[in-house]
Protein chains: 2
Amino acid sequence: MKKKNDSEEIVSLVSLWNNFGHLTAAQLEMILKNSYNAGFRPGEVIVKQGSPASSVVFISDGLVKVYMEGSGEKNIILRLAAPGKPVLDPGLFISRRNTLTVTAVSRTEVNFVSTEILQRLSGENSSFSMGILKELSQQMFLVQNKLASVAGKRMAGRLADTLLYLSEDIFKKNEFDIVLSRKEIGEMSNMAKECVVRVLNELEEEGAVKTDSSRIIILNPDKLREISDQTSWM
Amino acid sequence: MKKKNDSEEIVSLVSLWNNFGHLTAAQLEMILKNSYNAGFRPGEVIVKQGSPASSVVFISDGLVKVYMEGSGEKNIILRLAAPGKPVLDPGLFISRRNTLTVTAVSRTEVNFVSTEILQRLSGENSSFSMGILKELSQQMFLVQNKLASVAGKRMAGRLADTLLYLSEDIFKKNEFDIVLSRKEIGEMSNMAKECVVRVLNELEEEGAVKTDSSRIIILNPDKLREISDQTSWM
DNA sequence: AAATGGAGTTGATATAAATCAATCCATAAA
DNA sequence: TTTATGGATTGATTTATATCAACTCCATTT
């Protein structure tokens with residue numbers, strides 16, 4: 001990787017998160033001095049649940065999954081994260097322990113920024129601070145929605161939610177290569193991998209999606225939304 | 001209710017939320033001017049999901065439930081809230097719509113504080129701003145735990161979680177009068193009211209709790225924790 | 001080329017939990 | 001006192017979903 005000069009790096013900081021645009025050059029400088037980069041291969045752990053929370057993760061390239069590790073081997077994947085936003089763990093601001101595990105789904109470049117610094121800057125710059133609050137709220141909202149899905153819907157609805165999430169929030173296309181295994185799709189939708197296969201077939205029969213092993217095509221998003229909306233107890 | 005002078009009211013603001021202690025007299029004054037009180041009877045709606053989010057709710061007396069309304073009639077109760085903390089809705093900082101409904105469980109006195117003002121003060125005072133961030137993180141952590149419980153545990157584990165939550169976080173006693181119906185306990189644990197009754201009996205047979213209609217006694221919290229820890233897929 | 005192993009798939013079975021139905025309260029209203 | 005009314009309770013039944021077992025289809029190793 002080629003060495004960059006400061007102004008180049010400052011530009012790249014803003015590309016990590018729009019909210020960095022609120023900071024002064026001096027403040028950005030401060031961040032640069034207190035951050036470091038690392039690369040990860042698929043499957044590698046970037047942040048481990050339970051470990052001390054000393055820094056916030058920014059993804060400069062690649063895709064990661066953010067999940068809770070249950071005892072046993074069943075995980076609950078809360079969301080995926082791509083470049084452009086930080087991965088905020090609620091533990092950062094309270095217990096100072098990570099409450100979530102983050103691992104690379106594809107080859108990933110990550111930027112760790114010291115939590116201390118972010119907090120200090122948050123105190124110095126109210127727009128920046130507001131940006132953190134908004135991002136945290138966004139991520140909390142996502143968890144709320146996941147809870148609503150898991151607690152209130154049947155398999156088809158939950159899987160529909162996951163597919164819509166992938167297509168609208170992550171890949172931003174109707175057709176995409178799902179990098180996740182059926183088991184992982186199951187961990188996003190709280191269902192067994194076998195059921196993912198079966199329900200995926202059902203959705204295909206209804207003409208909502210088309211799947212070809214790792215490729216997924218959303219043929220009819222409205223149909224998916226309709227399936228997502230039908231609750232068990234009607 | 002007797003009229004209070006300003007200094008009395010400022011003291012009472014701090015009792016609504018410790019975090020107000022970070023503010024100057026002038027800032028507290030500002031809050032007083034932009035807040036108003038209201039009383040609610042059991043069952044009355046304090047904040048309605050979907051409505052414009054213009055203010056943050058502080059409870060000065062009573063108990064409320066905070067929940068997501070599903071289509072149909074099944075709700076998901078995220079948590080209860082008693083005096084001492086604000087009810088932060090993630091929608092406050094993003095969509096400006098409430099994503100949650102808040103209703104009174106017992107007779108409740110509430111203080112509405114304008115979101116605008118809180119945001120302004122958050123920009124002026126970094127300790128205060130950090131307090132908001134911490135509180136939001138706390139509430140997000142709670143939702144995460146609820147998700148883990150609902151997605152990963154069987155009925156007994158989920159109900160145990162709810163009982164521990166009530167005893168440790170809300171009533172702070174081993175013995176308390178549950179103001180909620182069996183149906184509502186079910187909405188906290190994602191199970192049907194009939195199942196609440198059955199599993200409650202199981203827990204009683206195991207000597208973990210004792211129930212007498214509305215009274216609940218936690219006889220053995222460790223036993224409850226043990227039940228909470230056993231996952232389905234061991 | 002053979003062998004290994006893992007993901008994906010399919011069908012059969014087991015099980016947790018919801019739903020349904022009936023009954024039993026307690027409290028409030030007439 | 002009788003009559004409603006709604007929550008709580010109990011048992012029977014149904015249903016959604018997990019689990020188990022077997023098999024296919026790759027990709028990788030030997």
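Letters A, B, ... mirror the listed sequences (proteins, then strands); counts begin at 1.
A:N19 meets the side-chain hydrogen bond (donor to acceptor under 3.5 Å, both in side chains) test with A:H22; sequence neighbours excluded.
Protein atom CZ of B:R182 is 15 Å distant from nucleotide atom C1' of C:dC24, rounded to whole Å. Distance NZ (A:K183) to C1' (D:dA18): 14 Å, rounded to an integer number of Å. Here C:dG6 presents its P atom at 13 Å from NZ of A:K193, a figure rounded to the nearest Å. Here D:dC26 presents its P atom at 11 Å from CG of A:D212, a figure rounded to the nearest Å. Nucleotide C:dC20 holds its P atom 10 Å from the CD atom of B:E194, rounded to whole Å. Rounded to an integer number of Å, the gap from CD of A:E202 to P of C:dT9 is 14 Å. Atom CD in B:E184 sits roughly 10 Å away from atom P in D:dG7 (whole-Å rounding). Rounded to a whole Å, the CG atom of B:N190 is 7 Å from the P atom of C:dA18.
Using a cutoff of 4.0 Å between basic side-chain nitrogens and carboxylate oxygens, A:E187 and A:K193 are not scored as salt-bridged. Contact check on A:K172 versus A:E168 returns no salt bridge, with no Lys/Arg side-chain nitrogen under 4.0 Å from an Asp/Glu carboxylate oxygen. Salt bridge B:E194/B:R182: absent, no basic N to carboxylate O contact under 4.0 Å.
Classification of the B:F112-B:F40 ring pair by plane angle, with boundaries at 30° and 60°, yields perpendicular.
Distance from the side chain of A:R198 is smallest to C:dA12 among D:dG7, C:dA12, D:dT10. The side chain of B:A192 sits closest to C:dA18 out of C:dA18, D:dT19, C:dA16. Closest approach to the B:N201 side chain among C:dG8, C:dA18, D:dT10 is made by D:dT10 (side chain taken as heavy atoms from C-beta onward). Checking C:dA21, D:dA18, C:dA16 against the side-chain heavy atoms of B:R154 singles out C:dA16 as nearest.
If one axis is set at each end of the helix from C:dA1-D:dT30 to C:dA30-D:dT1 from five pairs, those axes are 20° apart, to 10°.
The closest side-chain donor-acceptor pair between A:N111 and A:S60, if any, does not fall under 3.5 angstrom.
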